[in-house]
Amino acid sequence: IYQTPGEDPAVVAGEPEPPTFAMPLWAIDQFHVANLGEEPDLTGDLEGLGLRRTSGLKMYIKALKKELNELSTEKVYTFCLWGISPFADAMNWEVRMAGFKMDA
C-alpha cells in the first residue's frame with residue numbers, strides 16, 4: 001500500500017506528486033469478467049457474480065492474476081471495493097477510524 005498527501009507545488013521544483021493512494025488489485029473485494037453486452041447492471045445486486053476475496057485469498061489472487069494476464073478489449077471488467085467504506089470518506093478525501101483521522 002502506498003499513500004501520500006502529495007507535494008505542495010509552491011515548494012517543489014519540477015512536477016509535484018499529486019495526492020495518491022495505491023494498493024494491489026487483489027485488495028479489491030470482488031471482480032467479475034463479462035463479454036461485451038453481458039456486463040452486470042451496476043445499479044443492481046452483484047451477489048453471485050464473479051469472485052469475492054472472502055471465498056479464499058489464494059484462489060482469488062490466482063484467478064485475478066489469470067484474468068489480468070489475459071486482458072481483452074472484448075471483455076468488460078467490473079471491480080468492487082466496499083471493505084473500507086466505513087473508514088473512507090471519499091467526498092472529503094479522509095480516512096477515519098476510532099480516534100484517528102487522516103487527510104488523503
Residue pairs fulfilling ring pair (Phe, Tyr, Trp, His ring centres under 6.0 Å) with at least one residue in residues 24-59, sequence neighbours excluded: F31-Y60

Short side-chain to backbone donor-acceptor contact, T20 and P18, under 3.5 Å: yes

Cluster check L64, L46: I/L/V/M/F/W/Y, side chain < 4.5 angstrom: no

Interatomic distance, M23 atom CE to I28 atom CD1 [nearest 0.5 angstrom]: 7.5 Å

side-chain contact (heavy atoms from CB on, under 4.5 Å) partners of E70, counting only residues at least two apart: K66

Nearest atoms (heavy-atom pairs only) where P5 meets P19: O-CG, 3.4 Å

Non-neighbouring partners of K65 that pass side-chain contact (heavy atoms from CB on, under 4.5 Å), sequence neighbours left out: I61

Shortest non-hydrogen contact between V76 and L36, atoms and distance: CG2-CD2, 3.7 Å

Any donor-acceptor N/O pair, Q30 side chain to L49 backbone, under 3.5 Å: yes

Between CD on residue E38 and NZ on residue K75, distance to nearest 0.5 Å: 8.5 Å

Exam field: side chain E7 to backbone E17, donor-acceptor pair closer than 3.5 Å: yes

Joint hydrophobic cluster, L51 plus L71, side-chain heavy atoms closer than 4.5 Å: yes

Cluster link Y2 to L81, ILVMFWY, side chain under 4.5 Å: no

